[in-house]
Amino acid sequence: MNLIQQIRSSIDSVLTDLYQVESNPDGLLVSDTKKEHEGDFTLTVFAIAKAARKSPEQTGQEVGEALTSRFPALFNRFNVIKGFLNLVLVDGVWITNLLAAPYSEGVLSTFMVEYSSPNTNKPLHLGHIRNNLLGHSVSEILKALGHPVIKVNLVNDRGVHICKSMLAWQRWGNGETPVSSGMKGDKLVGKYYVIFDKELKKEQAELIATGLSEEEAAKQSALMTAVRAMLLQWEAADPAVKELWARMNGWVYDGFASTYARLGIRFDKIYYESETYLLGKKIVEEGLQSKVFYQEADQSVWIDLSAEGLDKKVLQRGDGTSVYITQDIGTAQLRHDEFHPDQMVYVVANEQDYHFKVLKHILTKLGRKWADGLYHFSYGMVDLPTGKMKSREGTVVDADDLIEEMVAEAEKLTLELGKTQGMDQEEMSSLYETLGLGALKYFMLKVDPRKRMLFDPKESIDFNGNTGPFIQYTYARIGSVLRKANAEEAIARASYANITQLHDKERELIKQLARYHESLKAAAKDFNPALIAHFVYELAKSYNSFYHECPIMKEDDKEKAKFRTVLSEKTADKIQQCLHLLGIAVPERM
RNA sequence: GAACCCGUAGCUCAACUGGAUAGAGUGUUGGCCUCCGAAGCCAAAGGUUGCGGGUUCGACUCCCGCCGGGUUCACCA
């Protein structure tokens, strides 16, 4: 039983005795006491007062008196303000809590988390970075709580859009390769995707100039006709088309691999749409037979979701080729068959809210009970000051470029501060990497994932204040203290068993450490890494404040010195743990 | 047109899911390195939580109506 549970059950037993109210420790409104009042925990008593038919003040007083007299080892004193009962714990409770071993939750449900899900015709950009970091972090958080987690990626490697870059390369590429051009493979293929779009626009403008309407021009597009023909050839396994496809995708994967490696992103399993869409088509067939789907005159396959408040949705084109959702159906089935996860979490931007609603409905209508476990983790998009990023219009912040800039900034700052004495070249570049990526990752993860966020490339990302480097700095600083403290044999041998009184800053720090498990649980429940970011930020602040006021090795009382050393060590451990949950590395020196 | 999401200090974000006087960072102003690491610490200033109603002991939070922004409703993915 942890501290908060202990407090809840103490209050609960007192309430039962005093007012014979129903027993429910988890339903009690217990929160941290606001810092302008004296106390560690606060019980909000309005609801209890109502049940007891007494005034909130009187109820608070009675409960407070009962608690301090019945549990003197836990509660030291209390005060009542309006309907709030503020409880002050005995300092020894905090010390015990600090030194207690962490506990685990037992066997928990299995999660599959899908994230990243790139297209093979676009290099990774800022939006993908947010996606990757969220997916990675949510997975780590679930694991930390004891859930088995399978991290998967779904590569969008087929479809009309892929044919676009293939066609463009065929027509205008002159045999260009990553080697011949010196370009990263994903960038090279992305270049041809953009070229296609430009050529298509040119063609459309020419057609419209001959007097066609926009709609007619789109219908008559020779380029789009060629693309559709290529997709048909691809689905028919035409060797030449398949060869080109495999070759160009290979370039892209090499490019992605280096970006993932630098970001520290890994997967347990990678799915390719090209390998799952056929299963999707099979299920479409099944749905037709069971009359869940129906066919239009042109042979296209649909589902009518108007009863669910949604529209009709196409599942297969008239020419028999499959659409986006077809492969998602197949992929979900495949994953269920292979791993039987209790929950399938899709980390996908909120612009696809509708798509996932539809997907879940379809699977449910097809009688897949496990569709209940589908959860769309819908995160907000990243905005630039100029508006939305559009890869086809070139208004994107490229992932590789951004990482490079952050690392360069870290280097510049570190050199300015002149803290690289005694480091060799390898140590220095690894430090810049740690700091630059730390700043970037923390920046992306500290905000509520569900909200859209603004990224201003000009103001870039800070290294002071509520930032990754601030927390990394706190860790490095503790490391420095501990290295020196370890040299002090006297401190190492001292005991701190007789400490009963805590300094305010010590107590604050221990209290913050004690909140870790609650934060972790909340972060897992909400799929919200920002809660971990806030927790670790508060922890770093508490430590810095403590550090400023409480001498550690310079403390004359050896027992106190030892205690503060242990407190520092626990703090450093927790910082490292939390940053790990965010995918952020920690430097020993900076 | 319909559905969903969002509007909080100049800026970027919090607010324990209905609790106390709405908090941080940044920026601005001032203080702290003969003292374990100043990427730090301490302080000041900064708010009618988009607007108007309602629900109750209590509303940034829930309900209704406006205003502003975004996304989706494609045989694009």
Side-chain angles (χ1 to χ4, degrees), chain A residues 29-37 42 44 46 49-50 56 81-84 86 117 119 121-122 156 158-162 164 228 273 296 298 300-302 309-311 313-319 321-325 327-328 349-355 357-358 378 380-381 383 387-388 410 413-414 416-417 419 435 439 443 446-448 450-456 459 462-467 469-474 476-485 515 518-519 522 526 530-531 534 537-538 540-541 544-545 547-555 561 564 568 589-590:
Chain A
L29 281 169
V30 180
S31 52
D32 296 331
T33 302
K34 295 223 158 203
K35 65 178 170 207
E36 58 265 33
H37 298 108
T42 295
T44 308
F46 293 102
K50 209 169 184 179
I81 301 169
K82 290 194 262 177
F84 301 94
N86 299 320
S117 314
N119 282 349
N121 55 6
K122 294 178 201 166
N156 183 217
R158 59 158 292 283
V160 203
H161 57 298
I162 306 293
K164 287 179 182 174
R228 276 191 290 267
E273 286 191 16
E296 288 284 354
D298 67 352
S300 57
V301 179
W302 296 75
L310 304 171
D311 291 326
K313 182 86 183 172
V314 68
L315 299 165
Q316 192 168 293
R317 296 188 186 98
D319 64 8
T321 57
S322 58
V323 294
Y324 180 50
I325 202 157
Q327 63 73 26
D328 253 340
N350 62 13
E351 58 185 352
Q352 295 197 35
D353 286 356
Y354 185 80
H355 171 79
K357 241 187 241 177
V358 170
S378 164
M381 320 256 284
D383 267 333
K388 194 183 168 178
L413 259 168
T414 305
E416 270 172 21
L417 290 168
K419 293 188 173 181
L435 294 180
F443 180 86
K446 76 173 172 181
V447 312
D448 184 339
R450 272 153 262 276
K451 291 192 183 171
R452 56 189 309 133
M453 65 178 290
L454 187 77
F455 178 80
D456 189 341
E459 293 190 9
D462 221 328
F463 286 69
N464 297 310
N466 186 0
T467 66
F470 166 79
I471 296 161
Q472 291 170 316
Y473 171 79
T474 306
R477 188 197 226 182
I478 296 174
S480 168
V481 172
L482 291 177
R483 277 191 294 275
K484 288 173 185 166
R515 291 184 188 116
E518 293 293 309
S519 298
D526 278 12
L531 298 177
H534 293 148
Y537 172 61
E538 291 298 329
K541 270 207 301 187
N544 284 331
S545 191
Y547 178 86
H548 192 256
E549 285 202 26
C550 301
I552 300 170
M553 285 109 60
K554 303 207 168 184
E555 170 62 48
R564 287 174 183 169
S568 299
R589 290 190 295 164
M590 64 186 277

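Chain letters run A, B, ... following the sequence lines, proteins first, then strands; residues in each count from 1.
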Dump the pairs, protein N or O against N or O of nucleotides 3-9 of chain B, anything under 3.5 Å, distances to one decimal.
from	atom 1	to	atom 2	distance (Å)
G7(B)	OP1	Lys451(A)	NZ	3.1

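- Taking atom P in both G1(B) and C66(B), the straight-line distance is 12 Å, to the nearest Å.
- Within 4.0 Å of Ser378(A), counting heavy atoms only, lies no atom of the nucleic acid at all.
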Look for any protein N or O under 3.5 Å of an N or O in nucleotides 29-31 of chain B and output each such pair with its distance, or none.
none

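- Rounded to the nearest Å, the gap between the C1' atom of G7(B) and that of U21(B) is 24 Å.
- A distance cut-off of 5.5 Å between ring centres, combined with a plane angle under 30°, leaves His534(A) outside any stacking arrangement with the base of A14(B).
- Between Asp32(A) and Arg515(A) there is a salt bridge, since a side-chain N of the basic residue sits under 4.0 Å from a carboxylate O of the acidic one.
- Comparing A77(B), A14(B), G19(B) against the side chain of Asp448(A) picks out A14(B) as the nearest.
- Side-chain proximity of Asp462(A) to C16(B), A77(B), U26(B): nearest is U26(B).
- Whole-Å rounding puts the Lys34(A) NZ to U21(B) C1' distance at 8 Å.
- Nucleic acid contact class of Asp526(A) (heavy atoms, under 4.0 Å, all strands): base.
- Helical stems in RNA chain B, defined as runs of 3 or more consecutive Watson-Crick or G-U wobble pairs with both donor-acceptor distances under 3.5 Å, are listed by first residue as B:1-7 with B:67-73, B:10-13 with B:23-26, B:28-32 with B:40-44, B:50-54 with B:62-66.
- Because its glycosidic torsion is more than 90° from 0, C67(B) is reported here as anti.
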Using the 3.5 Å cut-off, write out each protein N or O paired with an N or O of nucleotides 55-57 of chain B and the distance between them.
none

A correct 5'-to-3' footprint of nucleotides 34-45 of chain B, with B, S and - meaning base, sugar-phosphate only and no protein heavy atom under 4.0 Å, is -SBBSBSSS---

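- Rounded to a whole angstrom, the distance from the C1' atom of C51(B) to that of U8(B) is 15 Å.
- As judged by a 4.0 angstrom heavy-atom cut-off over every strand, Asn86(A) is placed among the base-contacting residues.
- Distance NZ/Lys313(A) to NZ/Lys357(A): 12.5 Å, rounded to 0.5 Å.
- Annotation: salt bridge (Lys or Arg N to Asp or Glu O under 4.0 Å) contacts of Asp456(A) (sequence neighbours excluded): none.
- To the nearest whole angstrom, the two P atoms, one in A14(B) and one in C62(B), are 16 Å apart.
- Nearest-nucleotide positions on RNA chain B place Met453(A) closer to the 5' end than the other of Asp319(A) and Met453(A).
- Stacking of the aromatic ring of Phe84(A) onto the base of A20(B) is found: the ring centres lie under 5.5 Å apart and the planes are inclined by under 30°.
- When each of Lys313(A) and Tyr354(A) is assigned the nucleotide of RNA chain B with its nearest heavy atom, Tyr354(A) is the one assigned upstream, toward the 5' end.
- Between Asn156(A) atom CG and Lys122(A) atom NZ the span is 8.5 Å, to the nearest 0.5 Å.
- Spacing of P atoms, C57(B) relative to A45(B), comes out at 36 Å, to the nearest Å.
- Aromatic rings from Phe470(A) and Tyr537(A) are positioned such that their centres are separated by under 6.0 Å.
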